[in-house]
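Order of the sequence lines fixes the chain letters, A, B, ..., with proteins taken first and strands second; residue numbering starts at 1 for each chain. Below, all heavy atoms of this structure are taken into account, side chains as well, without hydrogens, waters or symmetry copies.
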Amino acid sequence: MENACPDFAPRLITWQRAQGRHDLPWQVTDPYRIWVSEIMLQQTRVETVIPYYARFLARFPDVQALAAAPLDEVMAHWSGLGYYSRARHLHAAAQRVMEAHGGAFPREPAVIETLPGIGRSTAAAIAAFAWETRAAILDGNVKRVLTRVFGIAGWPGERAVETRLWELAQRLLPSQDLRAYTQGLMDLGATRCTRTRPRCGECPFDSDCIAHRHGRQAELPGARPRKSLPEKAVQMLALLHAGEVQLEKRPAPGIWGGLWSLPECAVETDPVALLQGRGYRISAVRELPGFVHTFSHYRLHIRPWRIDVSRPQEAGEPGRLWLPLEEVADAALPAPVRRILEGLHVR
DNA sequence: AATGCGGGGAC
DNA sequence: GTCCCAGCATT
């Protein structure tokens with residue numbers, strides 16, 4: 001497979017030295033500073049990390065200072081970065097480095113990986129940058145570069161594909177210059193082999209890259225399989241009376257919790273009969289155009305109705321109000337409810 | 001093997 | 001809006 005590009009590593013190293021990034025704040029040899037950067041950079045972009053990194057190192061300049069600091073203060077310096085278990089693990093790992101390793105960061109990737117918050121790729125990156133250790137990384141950048149250059153299909157999150165990528169990453173490792181090589185993989189992925197609109201004309205593997213040769217840059221790496229969302233359906237009832245619409249407050253845990261929404265009923269239910277059973281007198285009924293609202297967990301087919309009532313009921317119940325249509329713009333409404341009501345107001 | 005974990009930027 | 005980002009831990 002790697003026959004597609006037999007001199008991958010030396011070409012990458014040469015490219016990194018000429019075209020790669022050399023001014024990132026964590027391009028140092030202190031393993032502590034490299035370690036902190038690698039944790040912050042997990043699932044987080046370089047531009048986002050830079051200001052946090054500066055503040056963090058100013059307050060916790062070495063592993064001893066981090067281990068001795070209160071966790072609350074570590075968390076405060078992480079505030080806004082997200083994935084806060086990274087900060088808790090970082091703090092715990094600093095204390096273990098002090099107690100189990102006498103304050104000296106371990107050099108062997110297998111030992112580094114036993115520290116909390118450090119997996120295979122992060123352990124390899126720390127060792128490669130700090131000591132030129134021959135260890136393979138496999139982050140999002142590397143997955144993108146390798147799937148494209150070597151034409152590896154499938155979603156990298158799938159076990160079989162990830163196993164292939166780890167094997168390939170391991171086989172491609174040079175015997176020296178691991179610092180430039182590892183940085184080159186990241187630099188290429190970040191500045192040339194980008195997710196969209198890759199700059200193939202400025203890539204050292206231009207002529208060899210399978211994806212470029214076949215115009216498959218957009219197909220590689222393979223996309224996460226689209227999980228088919230469950231389909232649900234509901235009818236929403238816009239009850240109108242004297243220029244006002246009835247709203248219900250959604251229960252607090254649950255979808256749209258705390259927002260004001262329209263009364264609902266199942267699609268099997270006849271809304272007119274339902275309302276008449278509750279004592280409403282109905283003067284006009286019109287079914288409005290249906291549409292689909294997509295959540296992260298399911299797709300909701302919404303069938304809205306405009307129902308003019310001449311004798312409203314259920315007034316004064318808690319969690320139920322009549323809102324003047326003129327005030328729809330300022331109300332706390334779910335997006336699809338707002339869409340329905342704004343459509344009404346135009347008429 | 002799947003999911004939870006944040007926030008932000010690109011499109 | 002969706003997708004992804006210098007991933008890892010947990011189940």
Side-chain angles (χ1 to χ4, degrees), chain A residues 16 20-21 24-28 33-53 75 77-93 109 112-130 135-147 154-163 165-166 169 178-179 181-199 218-229 291-297 299-300 334-336 338-339:
Chain A
Q16 201 284 326
R21 297 174 294 184
L24 296 171
W26 41 84
Q27 288 179 320
V28 295
R33 295 187 166 235
I34 295 166
W35 169 36
V36 171
S37 78
E38 290 300 329
I39 301 301
M40 285 190 172
L41 287 161
Q42 287 170 0
Q43 297 294 283
T44 311
R45 296 171 182 278
V46 165
E47 315 84 72
T48 303
V49 164
I50 285 176
Y52 286 88
Y53 183 76
M75 300 306 294
H77 281 75
W78 210 271
S79 176
L81 251 193
Y83 282 151
Y84 297 98
S85 65
R86 294 185 295 176
R88 293 192 296 272
H89 286 147
L90 186 65
H91 185 242
I112 299 173
E113 196 176 340
T114 67
L115 293 171
I118 300 182
R120 180 175 175 181
S121 186
T122 298
I126 295 170
F129 287 136
I137 64 167
L138 189 63
D139 60 23
N141 283 321
V142 182
K143 288 174 180 174
R144 197 165 52 250
V145 169
L146 296 187
T147 55
W155 178 48
E158 188 182 339
R159 174 61 58 93
V161 178
E162 185 167 12
T163 298
L165 289 170
W166 270 117
L178 267 298
R179 191 172 286 132
Y181 174 80
T182 304
Q183 188 66 53
L185 281 174
M186 296 173 169
D187 291 350
L188 194 66
T191 69
R192 299 294 187 275
C193 197
T194 51
R195 189 166 69 88
T196 58
R197 296 195 304 178
R199 302 160 70 176
E219 304 168 27
L220 297 171
R224 171 194 296 268
R226 280 174 59 182
K227 43 186 174 183
S228 61
L229 300 177
F291 59 96
V292 179
H293 185 77
T294 303
F295 297 97
S296 54
H297 296 83
R299 281 159 47 88
L300 182 63
R338 182 176 303 282
R339 169 175 170 175

Side chains of A:Gln183 and A:Phe129 in contact at under 4.5 Å (non-hydrogen atoms): yes
Rounded distance in Å between the C1' positions of B:dA1 and C:dC5: 22 Å
5′-ward residue of the pair A:Arg195/A:Tyr84 relative to DNA chain B: A:Tyr84
Sugar-phosphate only, base, or nothing, as touched by A:Arg88 at under 4.0 Å among non-hydrogen atoms: nothing
Length of the line joining A:Glu162:CD and B:dA2:C1', which is rounded to integer Å: 13 Å
Nucleotide B:dC5, atom C1' - distance to CD1 of A:Ile39 in whole Å: 15 Å
hbond_proxy A:Thr44 side chain to B:dG6 base (donor-acceptor, 3.5 Å cutoff): yes
Distance below 4.0 Å between A:Gln42 side-chain N/O and C:dG7 OP1 or OP2: no
Sugar-phosphate only, base, or nothing, as touched by A:Trp26 at under 4.0 Å among non-hydrogen atoms: base
Nearest-nucleotide 5' precedence on DNA chain B, A:Arg45 against A:Tyr83: A:Tyr83
Distance between P atoms of B:dG6 and C:dT11 (Å, rounded): 16 Å
Sugar-phosphate, base or nothing in reach of A:Leu24, heavy atoms under 4.0 Å: base
Phosphate OP1/OP2 of B:dG9: any A:Thr48 side-chain N/O under 4.0 Å: no
Nucleotide C:dC5, atom P - distance to CZ of A:Arg86 in whole Å: 14 Å
Close side-chain approach of A:Val49 to A:Ser37, heavy-atom, < 4.5 Å: no
Sugar-phosphate, base or nothing in reach of A:Ile118, heavy atoms under 4.0 Å: sugar-phosphate
Nucleotide B:dG8, atom C1' - distance to CD of A:Glu47 in whole Å: 10 Å
A:Met40 CE - B:dC5 P separation (whole Å): 21 Å
Nearest-0.5 Å distance that lies between atom CG in A:Leu24 and atom CE in A:Met186: 10.5 Å
Below 4.0 Å: OP1/OP2 of B:dC11 and any side-chain N or O of A:Arg197: yes
Between B:dG6 (P) and A:Tyr52 (OH): distance, integer Å: 13 Å
Between P of B:dG9 and CG of A:Leu81, the distance in whole Å: 12 Å
Atom pair CD1/CD1 of A:Ile137 and A:Ile126 - distance to nearest 0.5 Å: 11.5 Å
Exam field: side chain A:Arg120 to backbone A:Glu113, donor-acceptor pair closer than 3.5 Å: no
Touch class at under 4.0 angstrom, heavy-atom based, for A:Gln183 against every strand present: base
Separation of A:Thr122 OG1 from A:Ile39 CD1 (nearest 0.5 Å): 5.0 Å
Integer-rounded Å distance: C:dG7 C1' and A:Lys143 NZ: 8 Å
Touch class at under 4.0 angstrom, heavy-atom based, for A:Ser85 against every strand present: nothing
Residue A:Arg144, side-chain atoms from C-beta onward, closest of C:dA9, C:dC5, B:dA1: C:dC5
